[in-house]
*Asks:* 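What follows is a structure written as structure tokens; I'll ask about it next.
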Amino acid sequence: MGDIAEDETSFYTNAEDYWKEVAPTVDGMLGGYGSISSIDINGSKAFLQKFLGDGEGKTGSSCALDCGAGIGRISKRLLLPLFNNVDLVDVTQEFLDKAKTYLGEEGKRVGSYICTGLQDFVPESGRYDVIWIQWVIGHLTDDHLVEFLRRCHKALRPNGLIVIKDNVSYEGVVPDEVDSSVCRDLEILHGLVARAGLRIAHEEQQLNFPKEIYHVYMLALR
């Protein structure tokens, strides 16, 4: 068990060290693919708007949580335009500091900037209409991802929604030694969602991304 604990510790500390060296820019957040940001945001917005609005079963627009928020790219262009308030959580303090200027005037509607890893983060119970988790689940072990999703479920308001948007591998789990992360295939991700006691309300592949990168899927969970 000691080896597992040691490996898990280095899995997280190596990732933290990696992100500390990344420039606090959109291009830095997207690993040099800053040019896809608008395609990404437009795809996310179309996906999310299927659930928002008035009527039975629709998700509210009071408060959203941006997980692995970085400098606030998604908060600025997706969440703040759609929600009254947004909270940001990220493991890198420099990114959150940058977000305070990057978000500009709209940053006044940010409730909290929370600096912690998601494996340790406990979101406030019943606070969020939408919890957006993008390009960050690869930095969590399977067990920690399941536990985090369970905590997120408790943090939702009535008819609230958890959205995972992330790379999926073609088969199995593919480790990335550079940023200390893993990429899971869709079947494995479905299994972890089920373990967390959640159901997939809707699932879509993000279109029009460069062919050389992993496929990216969006999963809406309740």
Side-chain angles (χ1 to χ4, degrees), residues 30 36-69 73-89 118 123 125-140 142 144-171 173 182-211 213-222:
L30 293 174
I36 70 169
S37 187
S38 289
I39 298 168
D40 169 57
I41 295 293
N42 290 338
S44 297
K45 189 175 290 185
F47 183 84
L48 190 51
Q49 285 180 325
K50 291 177 170 67
F51 297 91
L52 302 181
D54 299 322
E56 190 176 343
K58 289 289 189 178
T59 300
S61 57
S62 174
C63 192
L65 175 64
D66 186 355
C67 296
R73 181 186 71 90
I74 293 163
S75 287
K76 184 182 181 79
R77 297 194 53 199
L78 176 69
L79 300 177
L80 281 165
L82 294 174
F83 295 88
N84 298 334
N85 298 100
V86 176
D87 293 340
L88 284 72
V89 57
L118 298 184
S125 181
R127 176 168 171 79
Y128 300 107
D129 293 296
V130 166
I131 296 177
W132 193 270
I133 310 168
Q134 182 163 348
W135 281 324
V136 70
I137 63 168
H139 285 302
L140 293 173
D142 286 0
H144 281 162
L145 176 55
V146 168
E147 290 163 11
F148 178 60
L149 290 174
R150 287 173 179 157
R151 295 196 298 273
C152 285
H153 193 221
K154 291 176 182 173
L156 292 178
R157 292 161 62 91
N159 297 318
L161 200 66
I162 299 165
V163 179
I164 293 175
K165 184 170 186 177
D166 220 303
N167 302 336
V168 298
S169 69
Y170 291 106
E171 187 177 6
V173 178
V182 296
C183 184
R184 303 169 174 95
D185 70 30
L186 209 49
E187 186 178 350
I188 292 170
L189 185 52
H190 287 170
L192 296 173
V193 166
R195 264 181 65 192
L198 295 165
R199 66 177 179 86
I200 299 169
H202 188 56
E203 178 179 292
E204 277 182 32
Q205 184 180 348
Q206 169 71 52
L207 302 178
N208 302 318
F209 271 2
K211 287 186 168 52
I213 66 174
Y214 283 116
H215 288 167
V216 172
Y217 275 80
M218 295 172 277
L219 286 71
L221 313 176
R222 280 184 160 152

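Start at 1 with the first residue, then count along the sequence.
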*Asks:* Indicate every side-chain donor-acceptor pair of residues 42-49 with a distance under 3.5 Å to a residue at least two apart or in another chain.
*Replies:*
from	atom 1	to	atom 2	distance (Å)
Asn42	ND2	Ser38	O	3.2
Ser44	OG	Asp40	O	3.0
Ser44	OG	Lys165	NZ	2.8

*Asks:* State, to 0.1 Å, how close Arg127 and Cys63 come at their nearest heavy-atom pair, and which atoms those are.
*Replies:* O-CB, 3.6 Å

*Asks:* If you measure from CZ on Arg199 to NE2 on His190, what distance do you get to the nearest 0.5 Å?
*Replies:* 14.0 Å

*Asks:* Has the side chain of Thr59 got a donor or acceptor atom that lies under 3.5 Å from a matching backbone atom of Asn159?
*Replies:* yes

*Asks:* Which atom names give the shortest non-hydrogen contact between Lys76 and Pro81, and what distance separates them?
*Replies:* O-CD, 3.4 Å

*Asks:* I'd like to check the side chain to side chain contact (heavy atoms under 4.5 Å, CB included) partners of Asp142; sequence neighbours left out, ordered by chain and number.
*Replies:*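 With neighbours one apart ignored, the set is Arg184, Leu192, Arg195.
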
*Asks:* Verify, without hydrogens or angle tests, whether Ser75 (side chain) and Leu80 (backbone) share a donor-acceptor contact under 3.5 angstrom.
*Replies:*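 No; zero donor-acceptor contacts below 3.5 Å.
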
*Asks:* Of the options Val193, Leu219, Ile164, which is the one that meets Glu203 in a side-chain contact (heavy atoms from CB on, under 4.5 Å)?
*Replies:*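 Result: among Val193, Leu219, Ile164, Leu219 is the only option passing the side-chain contact (heavy atoms from CB on, under 4.5 Å) with Glu203.
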
*Asks:* Considering non-hydrogen atoms only, spot the tightest contact between Ala201 and Phe51 and give its length.
*Replies:* CB-CE2, 4.2 Å

*Asks:* State, to 0.1 Å, how close Asp129 and Gly60 come at their nearest heavy-atom pair, and which atoms those are.
*Replies:*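 Residues Asp129 and Gly60, closest heavy atoms: CB-O, 3.3 Å.
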
*Asks:* Determine whether His153 and Leu198 satisfy the following criterion, side chain to side chain contact (heavy atoms under 4.5 Å, CB included), listing intermediate values before the conclusion.
*Replies:* CA-CA 8 Å; His153 193 221; Leu198 295 165; 3.5 Å; yes

*Asks:* What distance separates Asn84 CG from Ser62 OG, expressed to the nearest 0.5 Å?
*Replies:* 5.5 Å

*Asks:* Main chain of Cys183, side chain of Asn167: is a donor-acceptor contact present, judged purely on distance under 3.5 Å?
*Replies:* no

*Asks:* To the closest 0.5 Å, what do you measure between CD1 (Ile200) and NE2 (His202)?
*Replies:*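 Going from the CD1 atom of Ile200 to the NE2 atom of His202 covers 11.5 Å.
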
*Asks:* Return the minimal non-hydrogen interatomic distance between Gln134 and Ile74, and the atom names on each side.
*Replies:* OE1-CD1, 3.2 Å

*Asks:* Whether the side chain of Asp166 engages the backbone of Ile137 through a donor-acceptor N/O pair (distance < 3.5 Å, no angle test) should be reported.
*Replies:*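 Confirmed, Asp166 side chain pairs with Ile137 backbone.
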
*Asks:* Considering residues, nucleotides and ligands other than Lys154, do more than 12 of their heavy atoms fall under 6.0 Å from its NZ?
*Replies:*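 No, because the 6.0 Å sphere around NZ of Lys154 holds 12 heavy atoms or fewer from other groups.
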
*Asks:* Roughly how far, to the nearest 0.5 Å, is CD1 of Ile39 from CD1 of Ile41?
*Replies:*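 Between atom CD1 of Ile41 and atom CD1 of Ile39 there are 11.5 Å.
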
*Asks:* Where is the tightest heavy-atom contact between Pro123 and Arg151, given as atom of each residue plus distance?
*Replies:*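 Closest approach of Pro123 to Arg151, heavy atoms only: CG-O, 3.9 Å.
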
*Asks:* Kindly state whether the ring of His215 and the ring of Tyr170 have centres lying under 6.0 angstrom apart.
*Replies:* yes

*Asks:* Looking at Ile162, Leu65, Val163, Leu221, which one forms a side-chain contact (heavy atoms from CB on, under 4.5 Å) with Ile133?
*Replies:*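 So, applying the side-chain contact (heavy atoms from CB on, under 4.5 Å) to Ile133 and each of Ile162, Leu65, Val163, Leu221, only Ile162 qualifies.
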
*Asks:* Report the residue from Asn85, Val86, Asp87 that forms a side-chain contact (heavy atoms from CB on, under 4.5 Å) with Tyr128.
*Replies:* Asp87

*Asks:* What distance separates Asp66 CG from Phe83 CZ, expressed to the nearest 0.5 Å?
*Replies:* 11.0 Å

